[in-house]
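A short write-up of the structure that comes next.
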Amino acid sequence: MDVNPLCIILVKNGSKGDRLLFRYPYSADITLETKSKNKRPTPYSLITEGYIQSPPETHTSNISNGKLVGFSDKVMSNLFAVKSELCDSKFELKVNDVRFVGHPIHLNSTADIRARDKRKHSSIILFNIVFALKATQNHDVVNCYHDLSKRLGLALRHEEYRCHFLSSEAKLMTVAHDEASQLPEDGQISPFQLILDRSLLARHLRQAYDELCGSGVVQLRLNNWIEVSFCLPHKVHHNLATGLPVDCQGLVDGLKNLKPYHTFLLLVSRGDLLRSLPPDSSQALWRLLHVEESHLTPFFTLAADADLTLTQVFMLVGHLVYWGKATIIYPVCSTNTYVLSHNAPTVINSQLSESFREQFPGSSLHVVMSEFSLPTSLSDKTHPIDSPLQQQEQVQQIVWLLKHGLLQQLHTYVYLAPPPSLDTEVMRVGSRDQGGYGQLGSHGTSSPASTSIPTPTIHEPPPPPPSSLSHDPPPLPHDPPSSAPIQHPGGVGHPDMTGAALHHAAVQLSHPASESDLGSVCSDERSPSPGVTVGATPEDSVGRILDTALTAAEREMVMKVEAARNPDDLKLFAKLCIYFRGQHHIEEMMYRANLRRSQILYLIDKFRSVLLTCLHPDHSITLSTHTQSHHVGVALT
């Protein structure tokens with residue numbers, strides 16, 4: 001969708017009435033043609049009756065070649081120089097196929113006079129910076145343009161209070177209008193051209209319009225004093241290498257889902273980004289950007305390295321993502337599984353292939369892309385005989401592909417899916433002999449013994465989930481039986497599960513997990529892992545957890561698995577069973593339950609007769625960069 005503005009308009013209302021001061025873009029031909037149509041042949045010509053009775057021309061469209069047409073200066077000044085009651089609030093008006101949006105600013109209010117009683121009062125009562133948009137623009141785009149109108153208006157009001165900038169510029173514009181109207185017909189020129197040559201404010205408005213139509217980022221210093229910065233995310237994210245449309249509300253909501261085990265990947269050069277920052281930018285942002293290889297380090301480690309809190313890191317990264325300077329990823333490591341993005345360009349002679357060849361001489365983009373036609377982990381792609389330089393180049397290639405949106409990461413989600421009817425012996429045989437059913441690693445999930453890449457290896461995220469930074473899992477369905485009460489796991493649920501083994505598992509489960517040293521960053525946000533709360537008596541804790549998280553049928557089938565006879569395995573299964581609903585991937589389990597990847601994979605392998613694994617992208621990261629895609633690569637095991 002084209003989100004470019006049709007026109008930017010400045011009107012004012014003062015002691016001498018309302019007037020349109022400036023608009024851009026303008027067309028001198030249309031202005032002169034409108035004058036000639038409204039002009040009578042001679043001052044003595046009569047207005048015929050037919051001319052009086054002829055209906056005025058109706059404009060079905062006020063857009064021509066992407067520009068605003070059909071509105072005279074007087075009409076626009078009457079429409080946009082609103083009453084004082086409508087000031088300091090959103091202004092929106094739809095005429096035919098054009099929507100006007102602005103934020104009228106009132107001057108000389110009572111509060112302003114009290115605060116600045118020594119200031120010379122301005123002859124301008126109010127002014128309004130209006131953007132003309134296509135009427136088909138969605139509500140997100142309209143709100144963004146209203147925000148820009150408000151920013152420009154507040155900055156202009158500040159300069160008017162400081163040095164009467166608006167009054168002096170309005171006087172220049174008014175004189176230009178008067179001079180243009182007095183020129184002879186053969187030498188007429190558009191007054192807006194004269195205004196552009198003389199007025200600094202007019203050049204500021206033209207710069208804002210050009211930057212909106214270009215990059216979507218407005219950065220101007222009004223009157224060489226106040227910095228006005230604005231980002232139109234719909235335009236900015238469309239201009240990125242991914243080229244995917246963005247939903248502004250979805251982008252903001254996605255930024256709320258940042259987790260401490262995520263990290264960010266810069267989409268621009270770090271040096272260029274640092275040079276583009278204003279002198280008064282946040283020092284916290286400078287410290288965050290100076291952390292080397294941030295794409296290999298999770299947020300909670302970045303916070304400690306930059307001496308920031310997690311909340312600060314989330315806010316700073318959210319700004320970078322919103323402005324199209326970064327994207328959210330999971331830290332690059334050897335266990336990550338990637339697949340080719342569904343919107344990756346496969347044209348042979350593309351601009352991306354040329355850029356890739358310049359970045360990595362001797363390598364072909366399409367050859368590298370073909371290696372990820374199926375889900376592939378970095379450990380499977382790396383050969384043991386590769387030198388460290390070759391492994392480092394492979395990591396750089398992966399980072400380049402992620403930066404240009406050619407790869408997407410797949411995470412392993414676990415579902416509890418017990419067989420419909422299997423006796424104990426079949427379950428035991430299946431857990432030993434069914435190698436093709438539920439095997440991990442066959443679809444890109446690497447085993448604990450996988451060869452790791454030295455360069456991108458990071459520490460496993462150890463801590464339990466902070467209650468204020470991650471969402472609790474949704475309530476799980478629980479269907480209690482309508483007749484007989486639920487049997488205790490140590491009873492007849494499994495003939496070999498003794499009460500002593502259950503008691504031993506309950507005692508171990510009641511002990512809290514070991515704390516990991518995260519420094520002072522997360523020390524005030526630690527909370528027990530979900531699902532670890534136990535009852536007053538250790539004998540009943542495992543049973544209560546299983547009764548709460550599982551239905552009666554699921555609990556019965558789980559207790560028939562041979563691994564349930566081991567107290568340690570049963571304790572770990574009870575701790576993780578709330579995550580076996582396909583809502584949490586393994587990386588999130590590692591962080592929430594304070595476990596290593598090998599422990600979780602080992603448990604899944606032991607209970608694979610009742611567990612299914614599925615590979616698909618993390619939608620919380622997807623929403624933080626663009627609208628959620630319905631194309632999902634799935635691998636069931």
**Prompt:** Got a salt bridge between R162 and E159, using NZ or NE/NH1/NH2 to carboxylate O under 4.0 Å?
**Reply:** yes
**Pairing residues for S168 by the side chain to side chain contact (heavy atoms under 4.5 Å, CB included) criterion, not counting sequence neighbours** = none
**Prompt:** With sequence neighbours excluded, what pairs up with R206 under the salt bridge (Lys or Arg N to Asp or Glu O under 4.0 Å) test?
**Reply:** none
**Request:** To the nearest 0.5 Å, tell me how far N223 CG sits from E160 CD.
**Result:** 10.5 Å
**Request:** Can you sort out the partners of F299 under ring pair (Phe, Tyr, Trp, His ring centres under 6.0 Å), two or more places apart, ordered by chain and number?
**Result:** F314
**Asked** salt bridge (Lys or Arg N to Asp or Glu O under 4.0 Å): which pairs involve residues 310-326, sequence neighbours left out?
**Response** none
**Prompt:** Quick one: do D147 and K150 make a salt bridge, cutoff under 4.0 Å?
**Reply:** no
**Message:** Just to verify, what does D97 make a side-chain hydrogen bond (donor to acceptor under 3.5 Å, both in side chains) with, not counting sequence neighbours?
**Reply:** S61
**Request:** Indicate whether the side chain of Q409 and that of T337 have a donor and an acceptor atom separated by less than 3.5 Å.
**Result:** no
**Message:** I'd like to know whether the aromatic ring centres of F80 and F100 sit less than 6.0 Å apart in this structure.
**Reply:** yes
**Prompt:** Do side-chain atoms of H164 reach the backbone of S167 as a donor and acceptor pair under 3.5 angstrom?
**Reply:** no
**Prompt:** salt bridge (Lys or Arg N to Asp or Glu O under 4.0 Å) with R357: which residues, sequence neighbours excluded?
**Reply:** E354
**Request:** Check whether the side chains of Y145 and N143 place a donor and an acceptor atom closer than 3.5 Å, and report yes or no.
**Result:** no
**Request:** With sequence neighbours excluded, give me every ring pair (Phe, Tyr, Trp, His ring centres under 6.0 Å) pair touching residues 204-230.
**Result:** Y24-Y209
**Asked** Between the side chain of S149 and the main-chain N/O of I129, is any donor-acceptor distance below 3.5 Å?
**Response** yes
**Request:** May I ask you to decide whether K90 forms a salt bridge with E92, counting only side-chain N to carboxylate O separations under 4.0 Å?
**Result:** yes
**Prompt:** Between F264 and H295, is the ring centre distance below 6.0 Å?
**Reply:** no
**Prompt:** Any donor-acceptor pair under 3.5 Å linking the side chain of H366 with the backbone of V347?
**Reply:** yes
**Heavy-atom donor-acceptor pair, S89 side chain to L86 backbone, under 3.5 Å** = yes
**Prompt:** Sub-3.5 Å donor-acceptor pair from the side chain of T297 to the main-chain atoms of S294, do we have one?
**Reply:** no
**Request:** Can you sort out the partners of S281 under side-chain hydrogen bond (donor to acceptor under 3.5 Å, both in side chains), two or more places apart, ordered by chain and number?
**Result:** W286
**Message:** Return the CG to CD1 distance between L148 and I8, rounded to the nearest 0.5 Å.
**Reply:** 7.0 Å
**Message:** Looking at L289, is its backbone amide N or carbonyl O close enough to the side chain of R270 to form a donor-acceptor pair, meaning the two atoms are under 3.5 Å apart?
**Reply:** yes
**Message:** Test your reading of the model: is there a side-chain donor-acceptor pair from R23 to the backbone of I9, 3.5 Å cut-off?
**Reply:** no
**Message:** Under 3.5 Å, is there a donor on one side chain and an acceptor on the other for S199 and E169?
**Reply:** yes
**Message:** Enumerate the salt bridge (Lys or Arg N to Asp or Glu O under 4.0 Å) contacts for residues 211-226, please, sequence neighbours excluded, ordered by first and then second residue.
**Reply:** R221-E227
**Item:** Main-chain N/O of P331 paired to N336 side chain as donor or acceptor, under 3.5 Å
**Value:** yes
**Message:** Using modelled atom types and a 3.5 Å cut-off, is there a donor and acceptor pairing between side-chain atoms of H237 and backbone atoms of V321?
**Reply:** yes
**Prompt:** Who passes side chain to side chain contact (heavy atoms under 4.5 Å, CB included) against K381, sequence neighbours left out?
**Reply:** E371, F372, T376, Q394
**Asked** Going by the angle between their ring planes, with limits at 30° and 60°, are W400 and F356 parallel, tilted or perpendicular?
**Response** perpendicular
**Request:** For residues H146 and H103, establish whether the separation of their ring centroids is below 6.0 Å.
**Result:** yes
**Request:** Output all residues satisfying salt bridge (Lys or Arg N to Asp or Glu O under 4.0 Å) with K235, sequence neighbours left out; order by chain, then residue number.
**Result:** none
**Message:** Using every non-hydrogen atom in the two residues, find where T263 and P298 come nearest and quote the distance to one decimal.
**Reply:** CB-CA, 4.2 Å
**Prompt:** For the residue pair N4 and C213, what are the closest heavy atoms and their distance?
**Reply:** OD1-CA, 3.5 Å
**Asked** Looking at residues at least two apart in the chain, or sitting in another chain, which of them share a salt bridge (Lys or Arg N to Asp or Glu O under 4.0 Å) with E393?
**Response** none
**Request:** Could you tell me whether the side chain of E587 and the main chain of T412 form a donor-acceptor pair under 3.5 Å?
**Result:** no
**Request:** May I ask you to check whether T311 and T309 show a side-chain donor-acceptor distance below 3.5 Å?
**Result:** no
**Prompt:** Using 4.0 Å as the upper bound for N to carboxylate O, is an ion pair formed by D2 and K134?
**Reply:** yes
**Fill in**
One should read off an interatomic distance between L285 CG and L320 CG, to the nearest 0.5 angstrom, of 5.5 Å
**Request:** State, with a plain yes or no, whether a side-chain heavy atom of L576 is found less than 4.5 Å away from one of L595.
**Result:** yes
